[in-house]
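What follows is a set of notes on a single structure, which appears directly below.
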Amino acid sequence: MLSLKDKVVFVTGSSAGIGAACAFAFAAAGARLLLCARRLEKLAQLQPALLEAGAAAVYCFPLDVMRRDDVAHALAALPPEWAAADVLVNNAGLSRGMTKLYQDEIDNWEEMIDTNVKGLLYVTRAMVPGMVARGRGHVINLGSTAGRMTYPNGAVYCATKAAERAISEGLRQDLLGTPVRVTTVDPGMVQTDFSKIRFRGDEERAAKVYQGLTPLKPEDVADAILWAASRPAHVNINEIVMTTIDQANSYLFHRKG
Ligand code: 8X3
C-alpha cells in the first residue's frame with residue numbers, strides 16, 4: 001500500500017459533495033491538501049475540520065476550472081511547496097437541466113462542456129508535465145455511469161462524461177512509459193447537491209431523483225478514490241464503476257414504495 005502521508009493531493013471542486021468527501025478522506029490519510037473551488041469562503045470553512053481530521057496542511061484558493069486563463073495563472077502562482085502535486089483529483093463538474101436536446105438551453109451545454117471537459121483538460125495540462133518530470137503522480141478523474149450509458153434528456157451531460165472517459169483512456173496511453181497513473185472513477189447516483197444544481201435550486205424536483213432508493217454517499221466515492229490512490233506504485237486502477245445496490249445502470253432503478 002502506498003502511503004499518502006505528507007503527499008500533496010489536489011482536489012478540484014472540493015467545497016462540497018464528492019470533492020469535500022475526498023478532502024476528508026485524504027486528510028485522514030495525513031495528506032497535504034491543495035483545494036480549489038469557485039466558493040473560497042466554503043472551502044475556508046472546511047479548513048479547521050480538515051486539519052482536525054488529520055491533514056498535514058491545507059492550502060485553499062478560488063478557481064473556476066472553466067476559465068482557462070484563471071487556471072493557468074492560479075496554478076503557475078502556487079507556492080513551490082504546493083506546486084508539486086502527487087495526486088490530482090479532477091472532481092469539479094456539474095449538470096445543468098434535463099431537457100430534450102432539441103429544446104435545451106444552449107447555455108446549459110456551454111457550462112457543462114466548459115467545466116466537465118475543458119476545465120478538466122486545462123487543469124490536467126497544467127499539472128501533468130510536473131508529474132512526468134518528477135517521476136511520480138496520479139490523475140484521478142471523476143466520470144459517471146452517465147458516460148457509459150446515455151439517458152433521455154441528458155445527452156449533453158452524458159456526452160461530457162463519455163468525453164471524460166475517452167480523455168482518461170487517452171491520457172493513460174500517452175503516459176505509458178512514465179510512472180504517472182490515470183484512473184477514472186465512475187459513480188452512478190450519489191446524494192449530493194448534483195440534482196439541486198442540475199435543476200437550479202428546485203428542491204422538490206431534486207428530491208424526487210433519490211425517492212425510494214438509497215443513493216451512494218459522497219464518502220463511498222471518496223473511499224474508492226482513496227483506495228485507488230493508495231495502491232502500490234506499479235498498480236494502475238484503470239476504471240472503477242460503482243452504483244448503489246438500488247441502481248443497475250443509467251436508467252434502471254429499484255425504488256421502494
Ligand atoms: C451522475 C450520475 O446518473 O445522475 O453523474 O447522471 S447520473
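Counting begins at 1 with the first residue of the sequence. Whatever order the structure lists ligands and atoms in, that order sets their numbers, starting from 1. Values below: all heavy atoms of this structure, side chains included; hydrogens, waters and symmetry mates excluded.
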| query | Just checking, any donor-acceptor pair under 3.5 angstrom between side chains of Glu164 and Thr184? | reply | yes

| What do you reckon, does Tyr157 have a nitrogen or oxygen under 3.5 Å from a nitrogen or oxygen of ligand 1? | yes

| note | The protein heavy atom nearest to atom 2 (C) of ligand 1 is Ser144 OG, 3.4 Å

| Is the CZ atom of Arg68 crowded by more than 12 outside heavy atoms at less than 6.0 Å? | no

| What protein heavy atom sits nearest atom 4 (O) of ligand 1, and how far away is it? | Phe194 CE2, 3.6 Å

| Judged by non-hydrogen atoms, does Gly188 sit under 4.0 Å from ligand 1? | yes

| To the nearest 0.5 Å, what is the distance between CZ (Arg255) and OG1 (Thr214)? | 11.0 Å

| task | Check whether NZ of the Lys or CZ of the Arg Arg198 lies under 6.0 Å from the centre of the six-membered ring of Tyr157 and within 45 degrees of that ring's axis. | result | yes

| request: Would you kindly confirm whether Leu4 and Phe10 end up in one hydrophobic cluster when ILVMFWY residues are joined by side chain heavy atoms under 4.5 Å apart? | output: no

| request: Please write down residue, atom name and distance for the protein heavy atom closest to atom 6 (O) of ligand 1. | output: Tyr151 OH, 2.6 Å

